[in-house]
Amino acid sequence: MVKAKILVVEDERVVALSIQNRLESLGYIVTANVTSAEAAIAGISQNPPDLVLMDIRLKGKIDGIEAAAQMRQQFQLPVVYLTAYNDEETLERAKLTEPYGYLLKPFESKDLATTIEVALYKHKMEQQLREREQWLATTLKSIGDAVITTDPQQAITFMNPVAEALTKWTQQDALGQDLNQIFLTINETTREAIPNPVTVSLQTGKTVTIENHTLLIDKEGEEIPIDDSAAPIKNDSEQILGAVLVFHDVIEQQQIQALLKRTNADLEQRVAESTAQLRQQNQQLEAEIARRQQLEEELRVALARERELSQLKSRIVATVSHEYRTPLTTILSSTEMLQRYSDRLTPEKKQTHFQRVKQSVEHLTNLVNDMIFIEQAETQALEFNPTLVNVEELVGEVIEAVRPKFTEKHRLNLICPSECDRVLDGNLLRLILDNLLSNAIKYSPEGGLIEVELTPQAQEIRLRISDEGIGIPPDDQGKLFKAFYRASNIGITPGVGLGLVIVKECVELHQGRVEFESKVGAGTTFTIILPVAESVEG
Ligand code: ADP
């Protein structure tokens, strides 16, 4: 245990030495034993004691009470008085210096020890309390929030510098004032006064948070947005000793929020702009891709067409060489026979040869006409000339024209409901009927029923031509309308593969369509659907 150091101030030497002896025998260290207050004060700095034993009556200019007051003020030293006097006046004076003990001479050693120990303990406690107070005050002064404390009646007991700055009140002016005079708040939106949170806190004994959108009105009438809370100050037995109000201005917070909002909006706009830009670039890209795809498609079509044309050319060469050679050979041989053996040939034989030449020329002429038609169709030089046509009559005429091609094995059935006049191109219709009817006869070598049915309707006219002939194999059906194409089952049936192309062109000039159904060995039905105009002008 550290021994306490005691300064003895006693003007009577004998008494002083006795005290010193007693102190030392009790285990204390006597730092000095002086007879005057002045000597005591002068020696303190060199050898500071923990306690001063002070005689009240001293020789010299100042007595013990005054010396004690100085020591307490300057050095915060605890003083215990030693005196032989206990009169009222001396005691009253001594009390003012807040002594830590009072020993009446003569005293026992144990009283001396007890008084010294109590004084030292009390001094230690006071020192700790002072330090804590100092620590608390410094903390409250240095925190960034404004702090105001009040007593239970809301009289201000403390204000830190931040609270001073925000309210524009100095602590000095505010101390003791009612908080409601210093801390005035209103609602930012309604502009109505907000009840003081300290009042509520003191009433309820609970922490109260200041509402959002609170404006503090400072001493100069300026408004500051603030935020925070009030809490009651309670002792250990829950007794309310006052309240503490903590607040801070939210200007910066509001500015940051506003900045954040602006930044956010700015960001959103930039994102929207970039998205729009990206979308536009995307659209451009898509358009470019579509354009390239279209070009590719066009190229593919052109290549296919090129291939088709080249195949067509080969087929033309093959067909023409074959189709031309046969009638030309016939013409050559018949004319030679007529020239060489004219006088030996019977008139019937001569007629046969003339007939052969005529048919061959007709065949070649038809071939040339068909090819010219196809060429005109290719170059879009064909004309569409609608007139009012008696369809029934026209069908009759075509039947008559192809009648020589019928054999006894063929039967013809014409189904035509009534007279029917329609606006159509008669020449094109004649070509359609001629080709389809000729095919029906040609591709039914075993004969059978050939039926021509005419179905006039308000908006269109349907022509159905069916036979019971060889039919068309399914594999060939998709290619029938290509020039010079002929199905695989035709055998030696004459033809060049242009008839259906001509039919298709004629139908398309009418903006109509061709349909067909066919079964090998059972027969074929072609149906032409032609929309009809109301009048010649239409
Ligand atoms: P062509 O009769 O000169 O060969 P088309 O263009 O008129 O040429 O006919 C094309 C092909 O369609 C014919 O070669 C034939 O294979 C098939 N075809 C057309 N009509 C019929 C039909 N009524 N019955 C069977 N096959 C037909």
Side-chain angles (χ1 to χ4, degrees), residues 308 311-312 314-327 359-360 362-378 382 395 398-399 401-402 404-407 409-414 428-453 463-508 513-528:
E308 219 171 79
Q311 285 168 1
L312 180 70
S314 322
R315 280 207 303 276
I316 292 172
V317 174
T319 310
V320 168
S321 54
H322 176 263
E323 285 303 314
Y324 274 62
R325 195 168 290 144
T326 316
Q359 273 171 355
S360 295
E362 270 173 10
H363 179 78
L364 286 171
T365 312
N366 285 341
L367 192 59
V368 169
N369 283 342
D370 283 355
M371 296 209 5
I372 289 170
F373 185 93
I374 300 291
E375 159 68 12
Q376 282 178 333
E378 293 271 325
L382 286 179
V395 172
V398 177
I399 291 174
V402 298
K405 297 177 185 172
F406 280 96
T407 66
K409 290 187 270 179
H410 289 116
R411 282 173 291 122
L412 177 76
N413 188 16
L414 173 65
L428 298 179
L429 186 58
R430 206 181 292 276
L431 274 173
I432 295 170
L433 278 166
D434 180 55
N435 275 294
L436 292 180
L437 208 49
S438 301
N439 278 354
I441 300 163
K442 191 164 69 170
Y443 294 110
S444 54
E446 301 301 320
L449 180 68
I450 291 173
E451 208 163 61
V452 180
E453 186 184 17
L463 274 163
R464 185 177 63 81
I465 293 148
S466 65
D467 62 59
E468 296 175 337
I470 60 170
I472 304 161
D475 283 353
D476 295 311
Q477 289 187 8
K479 304 168 202 158
L480 290 187
F481 293 93
K482 288 186 174 167
F484 300 106
Y485 190 85
R486 307 196 71 204
S488 54
N489 63 337
I490 48 152
I492 55 155
T493 316
V496 287
L498 290 177
L500 288 184
V501 184
I502 291 167
V503 168
K504 186 168 163 265
E505 292 296 341
C506 295
V507 169
E508 280 177 359
R513 61 184 197 277
V514 187
E515 291 170 1
F516 72 91
E517 274 177 67
S518 185
K519 202 171 168 204
V520 174
T524 307
T525 300
F526 277 92
T527 307
I528 306 297

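Both ligands and their constituent atoms are indexed starting at 1 by order of listing.
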Considering only heavy atoms, which of Leu500, Ile450, Asp467, Thr524 lies nearest to atom 23 (N) of ligand 1?
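Residue with the shortest heavy-atom distance to the ligand atom: Asp467.
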How would you list all residue pairs meeting side chain to side chain donor-acceptor pair (under 3.5 Å) that involve residues 514-523, not counting sequence neighbours?
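Listed by first then second residue: Arg513-Glu515, Ser518-Thr524.
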Distance under 4.0 Å to a non-hydrogen atom of [X]: what atoms of ligand 1 satisfy this?
X	answer
Ile472	25 (C), 26 (N), 27 (C)
Gly495	3 (O)
Tyr485	10 (C), 11 (C)
Leu498	6 (O), 8 (O)
Ile490	14 (O), 15 (C), 16 (O)
Arg486	1 (P), 4 (O), 14 (O)
Leu480	12 (O)
Ala487	14 (O), 16 (O)

Among the heavy atoms of Asn435, does any lie under 4.0 Å from an atom of ligand 1?
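The answer is no: ligand 1 sits nowhere under 4.0 Å from a heavy atom of Asn435.
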Say whether Gly469 and ligand 1 are in contact under the criterion: heavy-atom distance to a ligand atom below 4.0 Å.
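Flag not set, Gly469 not near ligand 1.
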Which value, rounded to the nearest 0.5 Å, describes the distance between Thr525 atom OG1 and Asp467 atom CG?
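Spacing of OG1 (Thr525) from CG (Asp467) equals 7.0 Å.
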Between [X] (side chain) and [Y] (backbone), is there a donor-acceptor pair under 3.5 Å?
X	Y	answer
Gln376	Leu382	no
Arg464	Glu451	no
Asn489	Gly471	yes
Gln477	Ile472	yes
His410	Lys405	no

Check this for me - ligand 1, Val501, N or O atoms closer than 3.5 angstrom, yes or no?
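So ligand 1 has no N or O lying under 3.5 Å from an N or O of Val501.
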Would you please classify the geometry between the Phe526 ring and the Phe481 ring as parallel, tilted or perpendicular, with 30° and 60° separating the classes?
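Ring orientation of Phe481 relative to Phe526: perpendicular.
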Give me the residue, atom name and distance of the protein heavy atom closest to [atom].
atom	value
atom 27 (C) of ligand 1	Tyr443 CD1, 3.5 Å
atom 19 (C) of ligand 1	Asn439 ND2, 3.4 Å
atom 8 (O) of ligand 1	Gly497 CA, 3.1 Å

With side chains defined as the heavy atoms from C-beta onward, is the minimum distance between Ile450 and Ser444 less than 4.5 Å?
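With C-beta onward as the side chain, the pair touches.
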For a side chain to side chain contact (heavy atoms under 4.5 Å, CB included) check, start with the C-alpha distance between Leu412 and Leu449, then their side-chain angles and the critical distance, and finish with the verdict.
CA-CA 6 Å; Leu412 177 76; Leu449 180 68; over 6 Å; no
